[in-house]
Colleague: 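Dropping the structure in here first, questions after.
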Amino acid sequence: MYRISELTNQVGLSRTALLYYEKLGLIKGQRQANGYRLYSALDVEQVKFIQQLQLGGLSLKECKTCLAHQVDKEMLKQRLAKLDEEILQKQQAREMLAAMAGLNAEVNEQSWHQKAIHDTPKAHFNWLLTQGFSEKEAFRMKWLSKNMTQHDQYMADFMHVFDGLERWGPGGESETLHALSLLTSKPKRVLEIGCGKGLATKVLAQHLKAEITAVDNEETALASVKQMLQSQPKVKLKSSVKTLCATMTDLPFEPNSFDMIWAESSAYIMGVENALTAWKPLLTDNGLLVFSDLVLLTNKPSKDVTAHWQKDYPDIQTIETRRKQIAKAGYQLIADFTYQQASWDNYYLPLQQRINELSTGMKGSQALADLSREVEFYLKYQKEYGYQMFAAQFKL
Ligand SMILES: C[S@@+](CC[C@H](N)C(=O)[O-])C[C@H]1O[C@@H](n2cnc3c(N)ncnc32)[C@H](O)[C@@H]1O
């Protein structure tokens, strides 16, 4: 038999709490002649039993009902659903802490980053910056590696694949020319953002009489642009081209500096809506903005496609939604069109070939496996998503 002070030690509850248990009839102390109450081993077990039920989310009154009557199965089912939800939340919180602590073996770090990028993109991005990642690295982690501990290796592999390729995204000369044919004026000062190795830069320089500034934050890409320009017969280039290594989020130009901005498959990096707003001040009134973006070609994508882009491009939109965003940001859409199959072939066929060439030497590379999966996924689901070119004009 136990005194109440001993019972409190056994079960870790206060005296007041135990007296309340007693008042509810959950335990039954036997009053002694000296006025003390004594509790049995059964009371100890009873309290521990109730504590388990409480951990499951039952109130004391519900515990009492469970113990005194036949269990209320409906009530328990509801509690179970709530408990499952709480367990999931705790699991996610645990994964977050483990990922932050770099305990990579314990947790699928990629999935944590994916979730954070989707649910709390700005906070996650800022947090990466506070962890010492540069903006460039943080963007790369967002779009490419999604893994803090293996980021360097992933990026080295990724760049190794792409260094050997001309094209870093779907596209083609015919798409660039088609977009140029839509323009409502002849631009003289052009800013190209995220120019990569300069495939579109070349077409622009051959067909426009303008001063073109080609910006990218990758020095190796800009070196290729310069090389490509030098190899061009001078007569073919109607424009002069300058290159600049800078980030698209903080472009070092005065307001109204350009009468056209060109961004083939690069606006997504900072988010299309952000880009529409952030780049606008750089344009003159009636200035042109041409950009391309990955879009959903259906309002009802399959589960596989939804899950895939949730992971790799959570901000993917339908063409209609992008049109609305363009209007909302203060531009007037001139026209838009979907890339031809050939533009995807231009990107994926050399990529697939490069993956095949590298597969023996880069066995076990996560970056190579991801790129290979990306190509296979496209071949299977190409009807549901595509690339869209948008040409718009800024109106004051
Ligand atoms: C998908 S590639 C597209 C390249 C090229 N426009 C094309 O269509 O082939 C995206 C380009 O944006 C560049 N980029 C990534 N982050 C950037 C940033 N913060 N500022 C400027 N350029 C960036 C990359 O280096 C890359 O060249």
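Whatever order the structure lists them in is the order used to number ligands and atoms, beginning at 1. Residue indices begin at 1 and follow the sequence shown.
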Colleague: Verify whether one side chain among Glu264 and Ser292 offers a donor that lies under 3.5 Å from an acceptor in the other.
Modeller: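 Side-chain D/A pair, Glu264 to Ser292: absent.
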Colleague: Looking only at distances, please establish whether an N/O atom of ligand 1 is found under 3.5 Å from an N/O atom of Ser266.
Modeller: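 No, there is no polar N/O contact under 3.5 Å.
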Colleague: If we only consider heavy atoms of Thr249, is any one of them less than 4.0 Å away from an atom in ligand 1?
Modeller: no
Colleague: Heavy-atom contact check, 4.0 Å cutoff: does Thr247 meet ligand 1?
Modeller: yes
Colleague: With heavy atoms only and a cut-off of under 4.0 Å, state how Ala200 meets ligand 1: side chain, backbone, both or neither.
Modeller: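 Ala200 to ligand 1: no contact under 4.0 Å from either part.
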Colleague: Contact between ligand 1 and Ala246 is defined here as a heavy atom of the residue under 4.0 Å from a ligand atom; is it met?
Modeller: yes
Colleague: Describe, in one word, how the ring planes of Phe139 and Phe125 are oriented to each other, choosing from parallel (under 30°), tilted (30 to 60°) and perpendicular (over 60°).
Modeller: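 Tilted, since the angle between the ring planes falls between 30° and 60°.
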Colleague: Please confirm whether Gly171 comes under 4.0 Å of ligand 1, counting heavy atoms of the residue only.
Modeller: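 Outside the 4.0 Å threshold, so no.
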Colleague: Report the residue from Glu175, Gln341, Arg167 that forms a side-chain contact (heavy atoms from CB on, under 4.5 Å) with Asn346.
Modeller: Arg167
Colleague: Looking at ligand 1, does any of its N/O atoms fall within less than 3.5 Å of an N/O of Asp216?
Modeller: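 Yes; the residue has a nitrogen or oxygen that sits under 3.5 Å from a nitrogen or oxygen of the ligand.
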Colleague: Mind checking whether Ala221 contacts ligand 1 via backbone (N, CA, C, O), side chain (CB onward), both or neither, at a 4.0 Å heavy-atom cut-off?
Modeller: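 For Ala221, no heavy atom sits under 4.0 Å from ligand 1.
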Colleague: For atom 20 (N) of ligand 1, which of the options Met159, Met248, Glu192, Glu218 provides the nearest non-hydrogen atom?
Modeller: Met248
Colleague: Under 6.0 Å from the six-membered ring centre of Tyr36 and within 45° of its axis: does the NZ or CZ of Arg31 meet both?
Modeller: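 So Arg31 doesn't make the cation-pi contact.
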Colleague: Just to be sure I'm reading this right: ignoring hydrogens, which of Ser265, Cys245, Gly194 gets closest to atom 5 (C) of ligand 1? Compare them by their nearest heavy atoms.
Modeller: Gly194
Colleague: Determine the interplanar angle of the Trp344 and Tyr385 rings, folded into 0 to 90°, and report it as parallel if under 30°, tilted if 30 to 60°, perpendicular if over 60°.
Modeller: perpendicular
